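Structure first, then comments.
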Amino acid sequence: MHEYTLSTTRESDSGLVKYPYCFKANVGMPAGNLWREWLATLVDYRNSWLWPLRYSQPSVENGLVEAGGRVIMTYQIPNPYDSSKPDKNVTHEFDITQFNEGNMFFEYLTTDEHTFLKGGGSFQVEPVNEQSCALTWQGEYRHATGDARLEAQGDAFPYYLCTFFTAAAQNIRKAVREGVS
C-alpha cells in the first residue's frame with residue numbers, strides 16, 4: 001500500500017447527528033486477491049490479515065456472504081476518554097443489502113435492533129492494473145439528538161473509526177510488504 005486517506009466528521013442536521021466516513025487505499029496487490037480476503041474475513045476472521053481483530057470480529061450467518069444475509073459484529077471499543085479503562089464489548093448485526101461479486105461491491109446496513117446508530121456502509125475494490133487496486137470503504141451512521149447517552153456514544157464513534165481504519169491500513173501495508181496474496 002502506497003497511500004491511504006481517512007475522513008470522518010460529525011454533522012448536525014434536522015434533529016440528527018451524522019457521522020460520514022470514508023477510507024480509501026491504493027493497494028499493491030491484484031484486486032481479486034483483496035476481494036477474496038474480504039470475503040474470507042467475513043466467513044472466518046481468525047485467518048484474516050485484513051481485519052483489525054483487536055477492535056472487532058465479523059462473521060456471517062451460516063457462513064454465507066450474500067445479499068439478504070447478515071453480518072454479526074462483536075466489538076471491543078476502546079474508551080476514548082480514559083485508555084486505562086477496559087474496552088466496552090458489544091455485538092451488533094448488519095443486513096447485507098447488496099453483494100455483487102463481479103463488481104467487487106458489498107453494502108451493509110444496521111438492523112433495527114442496533115442500540116444507538118442507524119446507517120451502514122459499503123466496501124468496494126476496483127482494479128487499477130494487474131498488480132494494484134483501489135479500496136473504498138465508506139458510509140454514514142446517524143442518531144437522533146436530544147438524548148445525552150446517545151450523544152456521548154455517538155461522539156466516541158469517530159474515535160473508534162479512526163482507530164479501526166488506521167489499524168486496517170497498517171494490516172494492508174504489512175500484507176503488501178510481506179507479499180501476501
Side-chain angles (χ1 to χ4, degrees), residues 4 6-11 13 16-25 34-78 80 87-126 134-145 147 149-169 171-172:
Y4 74 93
L6 171 61
S7 64
T8 183
T9 59
R10 180 189 192 278
E11 303 169 2
D13 182 37
L16 290 175
V17 177
K18 299 176 184 178
Y19 304 94
Y21 63 93
C22 184
F23 174 77
K24 292 185 176 193
L34 183 59
W35 177 250
R36 282 188 295 279
E37 176 65 17
W38 168 255
L39 298 178
T41 298
L42 295 173
V43 173
D44 185 3
Y45 67 83
R46 291 173 294 260
N47 293 317
S48 174
W49 56 258
L50 174 62
W51 201 274
L53 298 176
R54 153 75 176 86
Y55 302 107
S56 61
Q57 300 80 44
S59 61
V60 287
E61 280 186 332
N62 304 318
L64 299 174
V65 182
E66 60 187 4
R70 185 159 284 183
V71 176
I72 297 102
M73 190 70 67
T74 302
Y75 294 95
Q76 293 75 44
I77 302 172
D87 293 348
K88 180 179 179 179
N89 296 315
V90 65
T91 297
H92 293 295
E93 296 185 357
F94 299 83
D95 290 324
I96 302 170
T97 55
Q98 291 187 52
F99 175 70
N100 186 311
E101 185 118 27
N103 290 333
M104 294 183 274
F105 181 80
F106 179 95
E107 183 182 72
Y108 56 94
L109 292 174
T110 56
T111 64
D112 291 340
E113 290 79 28
H114 199 291
T115 56
F116 74 101
L117 290 173
K118 301 298 175 206
S122 64
F123 182 98
Q124 183 161 26
V125 179
E126 297 176 285
L135 164 62
T136 303
W137 194 341
Q138 64 186 347
E140 179 182 278
Y141 290 97
R142 63 196 168 284
H143 65 77
T145 59
D147 180 323
R149 183 184 64 82
L150 289 179
E151 297 271 348
Q153 284 182 309
D155 285 346
F157 188 64
Y159 173 82
Y160 174 81
L161 286 175
C162 289
T163 303
F164 176 86
F165 283 118
T166 299
N171 289 353
I172 293 168

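In this text the structure is predicted, and so the values were computed from the model without any measurement.
Looking at heavy atoms from C-beta onward, Thr41 lies out of side-chain contact with Trp49 at the 4.5 angstrom threshold. At a threshold of 4.5 Å between non-hydrogen side-chain atoms, the residues Tyr4 and Thr166 count as touching. No side-chain heavy atom of Phe164 sits under 4.5 Å from any side-chain heavy atom of Phe23. Using a 4.5 Å cut-off on side-chain heavy atoms (C-beta onward), Leu42 and Phe106 make contact.
Atom NE2 in His92 sits 9.5 Å away from atom OG1 in Thr110 (nearest 0.5 Å). Expressed to the nearest 0.5 Å, how far OH of Tyr19 lies from CG of Leu117 amounts to 7.5 Å. With values rounded to the nearest 0.5 angstrom, Glu37 atom CD is found 12.0 Å from Leu135 atom CG. Summarising the geometry, atom OG1 belonging to Thr8 is positioned 14.0 Å from atom OH belonging to Tyr159; distances are rounded to the nearest 0.5 Å. The CG atom of Leu109 sits 10.0 Å away from the OG atom of Ser122 when rounded to the nearest 0.5 Å. Between the CZ atom of Phe99 and the CE atom of Met104 there is a distance of 11.5 Å, given to the nearest 0.5 Å.
At distances below 3.5 Å, not a single donor-acceptor pair connects side-chain atoms of Thr74 with backbone N or O atoms of Thr91.
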Step-by-step ring-ring contact (aromatic ring centres under 6.0 Å, His included) determination, Tyr75 to Tyr160: CA-CA 10 Å; Tyr75 294 95; Tyr160 174 81; 5.7 Å; yes

side-chain contact (heavy atoms from CB on, under 4.5 Å) assessment of Trp38 paired with Val125: CA-CA 10 Å; Trp38 168 255; Val125 179; 5.9 Å; no

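The shortest heavy-atom contact between Tyr21 and Glu140 is CE2-N, 3.6 Å. The two residues Ala167 and Pro52 come nearest to each other via the heavy atoms CB-CB, 3.6 Å.
The pair Arg10-Glu151 meets the salt-bridge criterion, with a side-chain N (NZ, NE, NH1 or NH2) lying under 4.0 Å from an Asp/Glu carboxylate O.
Within the structure, salt bridge (charged side-chain N to carboxylate O under 4.0 Å, His left out) contacts touching residues 156-166 (residues at least two apart or in different chains) do not occur. Every pair passing salt bridge (charged side-chain N to carboxylate O under 4.0 Å, His left out) that includes a residue from residues 43-59 is listed here, sequence neighbours excluded: Asp44-Arg46, Arg54-Asp87. Listed by first and then second residue, the salt bridge (charged side-chain N to carboxylate O under 4.0 Å, His left out) pairs involving residues 107-120 amount to none (not counting sequence neighbours).
Ring geometry for Trp137 versus Trp51: interplanar angle of 30 to 60°, hence tilted.
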Donor-acceptor contacts, no H, no angles, side chain residues 60-73, under 3.5 Å, sequence neighbours left out:
from  : atom 1 : to    : atom 2 : distance (Å)
Arg70 : NE     : Asp95 : OD1    : 3.0
Arg70 : NH1    : Glu93 : OE1    : 2.9
Arg70 : NH2    : Asp95 : OD1    : 2.8

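Taking Asp13 as the reference, Lys18 meet the salt bridge (charged side-chain N to carboxylate O under 4.0 Å, His left out) condition, with sequence neighbours excluded. Judged as a ring-ring contact (aromatic ring centres under 6.0 Å, His included), and not counting sequence neighbours, Tyr45 has no contacts.
Side-chain contact, Thr9 with Glu11: a donor N or O sits under 3.5 Å from an acceptor N or O.
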